[in-house]
Amino acid sequence: MSIDSSDLFGPIEPPPAVRTVSVLVPMPAPRPYSYSVPEGMAVEPGSVVQVPLGPRQVIGAVWEGGDEGVDPKKLRPITKVFDCPPLSKEMRDFVDWVAGYTLSPPGLVARMALRVPNAFDPEPMVEGLRFVGGEPERMTPARARVLDAAGDELSWTRIGLAHAAGVSTSVVDGLIAQGIFETIFLPPPPIVAKPDPDFAPSRLAGPQKEAADEILEEVRNGQFAVSLIDGVTGSGKTEVYFEAIAETLKRGKQVLILLPEIALTASFLERFQDRFGAKPAEWHSDLAPKTREKVWRQAVTGEVRVVAGARSALFLPFEDLGLIIVDEEHDPAYKQEDRVYYNARDMAVVRARIGDFPLVLVSATPSVESQVNGQSGRYTTIHLPTRFGDAALPDLHLVDMRRHAPERGGFLSPVLLRAIGKTVEKQQQALLFLNRRGYAPLTLCRVCGHRFQCPQCSSWLVEHRFKRQLQCHQCGYHQHTPEACPECGTFDHLVACGPGVERIAEEVERHFPEARTIVLSSDIMGGVKRLRLELDAIAKGEADIVIGTQLVAKGHNFPLMTLVGIIDADLGLANGDPRAAERTFQLLSQVTGRAGRTGLKSHGLLQTYQPQHPVMQAIVSGDAGAFYEREIAERERAILPPFGRLASIIVSAETRQDAEGHARGMRNAAPQVTGISVLGPAEAPLALVRGRHRFRLLVHGRRNSDMQAYLRTMLAQSPKERGSIHVQLDIDPQSFL
DNA sequence: AGCACGCCGACT
DNA sequence: GTCGGCGTGCTC
């Protein structure tokens, strides 16, 4: 006979139901993990929580759609819920969408939104003083000064008040002890003042006014819409989108301005301040941790109304975002190429669509993708073909190097030399652009023909004469420049082939020994700080001839710059990058746009061996239409037709054999995919074969869902390759909407 | 992503 | 004899 336990202990209580929620943890798990919720803890989807994960505590977010069948014994309780607004439904949808699209684990995407160690608890209140009233028992001159300084202001900090009165804090402490002031707690001060949409209303007129009005219509409508401002450098694009920002602020919504990191300069922030009376909050990688926390927190709470940031700012969980501006829309810096691979420009479009608010793309040289989306009517294109105010575009000419050959051993044509001479004579500045660091891109032995190659990655070693080094620009390898050929041992017979900026400087100094010449490239000694100083010095007119690589292309205004000479306009067209022509067009447009921004008559001379090339024609004529048509056709041809319409895949690897092997595997694994083609490292963009990834997939397709399904299959079949597969979908302009 | 465990080379 | 390199595996 058995004893029913209920006889002994009373009726059996059903065990208390354990409440379980899914939590996205910041690691590459394929889906959220399950955690139990302790008695009395309130969580909802989006709540920011701390949970145990293995041996440590991590930050995560409560999510929907986790794992059902997890062993209840494994469940561990949530450690704490932060007093922080939960991630909104929109934000969660955005994270999931980005994870799905980029084939990244959602936890890693969420991590980008939560990468602020101490911002999840409210900022501590700040101790302050309030004037209560009355007079101290003994009035002293110091005390009188404090009372005088306090004036009508309601609240002070202890130190601030002492400072304002010019006394030590002990005087203030004495007044507190007497009850004249009382200690109160104040909310922490905002990181930036509120921008005022009416601070300095626009003086736009003509095409700029029309453009602004067109965008304002979208902003007032408040729904998802993408506008593309396609305007030449100096056409007032910024002023136009400032109007969209003003309108959004009036509607009570927050604004995000995305900029390539390099364009987040003091001068941009000042322009914003001139229009809105306050600076926007900044967001970029080298923000001080405390500032970073404040900006995050105040974006979530809605304290901050406008953030100007680099691509990672896209993952800030704004309280009520109502407009995104993507300035320099074409800039490759919007691509992140580690961990989660994404293009912030495209993901911004997605965020705007999910949040149902307008977005403005801005560029002087739109990307081919945006151009196509404009043509197809998906985006509204707004053209600003002329410069704003008294600035005029430089007068551009091609110098056909076959007819105007430089002297032996030189790289500057007589035409360009003459133009430099005239410019310097007028006390104006010339910019010579060559996108090549160092002295010479190739060194060889005149006796045996030995070429100096990188022992690690086989690209040519670049001579840096100033540092007396041979450097590899791919992997960073460097060695002291030898005096003898390592192959045949002959001394003094090494010759430099081709130009770098250092070599151009040498040639310039030979022709213009009196001129003040300066070389600007990323290997400038002294880092960013020194660079800033040099740029300021140039702007002040402390140099006559500037020789620079692409870092002179952006940002700074040089009021005296009236001549731009492109040493080798064809450079960059020759490599195997499918975007070579597009990149060249963008770069050369930007560089020539450096001149003439402040009204002085200016010129540009482009030295080229291919004067008929569409890029050259587009730049000198200022009419990019034909160039874009060609690029679009080219890309369509390269990507779609040979493989049919369903999908096509380009595999790239470090060697062609590897790529062929991977491609064969894929053809076997997925015969339904119609096109798999192979790019060896020579043809593939450099960025694709560099780095620690063994191979990458470049995926192009019309139907994103097909591509993703296919790739998931691939990933499932070879889980070991998981970490080394890179999917880049942004090449196809159609795929992400 | 972190962090532990675990198995082979150059050193106090 | 150890210290330490990074390959593999695991985290609700």
Side-chain angles (χ1 to χ4, degrees), chain A residues 15-82 86-87 92 95-96 98-120 285 289 292-293 296 311-312 314-317 335-342 347 456 475-476 654 658 691-696 715-727:
Chain A
V18 186
R19 206 149 60 90
T20 305
V21 288
S22 299
V23 175
L24 260 193
V25 286
M27 59 144 208
R31 62 208 148 157
Y33 281 176
S34 301
Y35 285 86
S36 63
V37 185
E39 198 69 27
M41 181 184 278
V43 292
E44 56 181 302
S47 294
V48 181
V49 293
Q50 189 182 61
V51 291
L53 183 68
R56 62 216 159 96
Q57 295 283 326
V58 296
I59 304 295
V62 176
W63 223 248
E64 39 273 279
D67 202 344
E68 298 298 305
V70 68
D71 179 2
K73 283 202 286 291
K74 282 172 95 176
L75 285 186
R76 297 167 77 182
I78 293 176
T79 313
K80 76 178 266 198
V81 192
F82 289 95
L87 300 184
R92 290 181 336 257
V95 167
D96 283 336
V98 172
Y101 184 78
T102 60
L103 297 176
S104 314
L108 291 190
V109 180
R111 202 178 71 123
M112 299 196 290
L114 299 171
R115 212 160 27 179
V116 261
N118 297 309
F120 309 116
S285 57
R292 198 178 170 81
E293 285 162 22
W296 191 90
R311 60 169 184 251
S312 60
L314 182 62
F315 290 90
L316 283 170
K335 272 200 217 176
Q336 174 153 87
E337 298 208 295
D338 61 271
R339 296 181 182 99
V340 178
Y341 293 74
Y342 68 94
M347 296 308 102
Q456 293 173 29
C475 69
E654 277 165 40
D658 280 356
R692 61 199 172 81
H693 295 272
R694 245 182 6 89
F695 74 94
R696 291 169 177 189
L715 292 169
Q717 287 180 355
S718 52
K720 282 200 174 169
E721 307 293 7
R722 184 166 282 273
S724 59
I725 290 183
H726 158 48
V727 182

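Letters A, B, ... are given to chains in the order of the sequence lines, protein chains preceding strands, and every chain is numbered from 1. Computed from heavy atoms alone, side chains included, the values below leave out hydrogens, waters and symmetry copies.
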* Pro28(A) side-chain proximity, nearest of dA1(B), dC3(B), dC12(C) -> dA1(B)

* Just jot down the ring-ring contact (aromatic ring centres under 6.0 Å, His included) partners of Trp63(A), sequence neighbours excluded, or say none. => none

* Asked: Rounded to the Å, how far apart are Arg115(A) CZ and dA1(B) P?
  -> 11 Å

* What heavy-atom pair brings Pro77(A) and Pro38(A) nearest, and what distance separates the two atoms? -> CB-CG, 4.2 Å

* To do: Consider the side chain of Met27(A), meaning its heavy atoms from C-beta on, and name the nucleotide among dC12(C), dT11(C), dC3(B) that approaches it most closely.
  => dT11(C)

* To do: Answer with base, sugar-phosphate or nothing: what part of the nucleic acid does Pro52(A) contact at a heavy-atom distance below 4.0 Å?
  => sugar-phosphate

* To do: Assign Arg56(A) to base, sugar-phosphate, or nothing according to its heavy-atom contacts below 4.0 angstrom with the strands shown.
  => base

* Please name the pair of heavy atoms, one in Glu64(A) and one in Pro45(A), separated by the smallest distance, quoted to 0.1 Å. => OE1-CB, 3.7 Å

* **Interatomic distance where CG belongs to Leu114(A) and P belongs to dA1(B) [whole Å]** => 17 Å

* Figure out the OH/P separation between Tyr35(A) and dT11(C), and round it to whole Å. => 11 Å

* Can you tell me how far P of dT11(C) sits from CD of Gln50(A), to the nearest Å? -> 20 Å

* Asked: What is the distance, rounded to the nearest whole Å, between atom CD of Gln57(A) and atom P of dT11(C)?
  -> 16 Å

* Structure fact -> Taken to the nearest whole Å, CG/Leu24(A) to C1'/dC12(C) is 12 Å

* Structure fact -> What one should report as the nearest heavy-atom pair of Leu114(A) and Phe120(A) is O-CZ, 3.3 Å

* **Integer-rounded Å distance: dG9(C) C1' and Leu53(A) CG** => 14 Å

* Spacing between Met112(A) atom CE and dA1(B) atom C1', to the nearest angstrom -> 13 Å

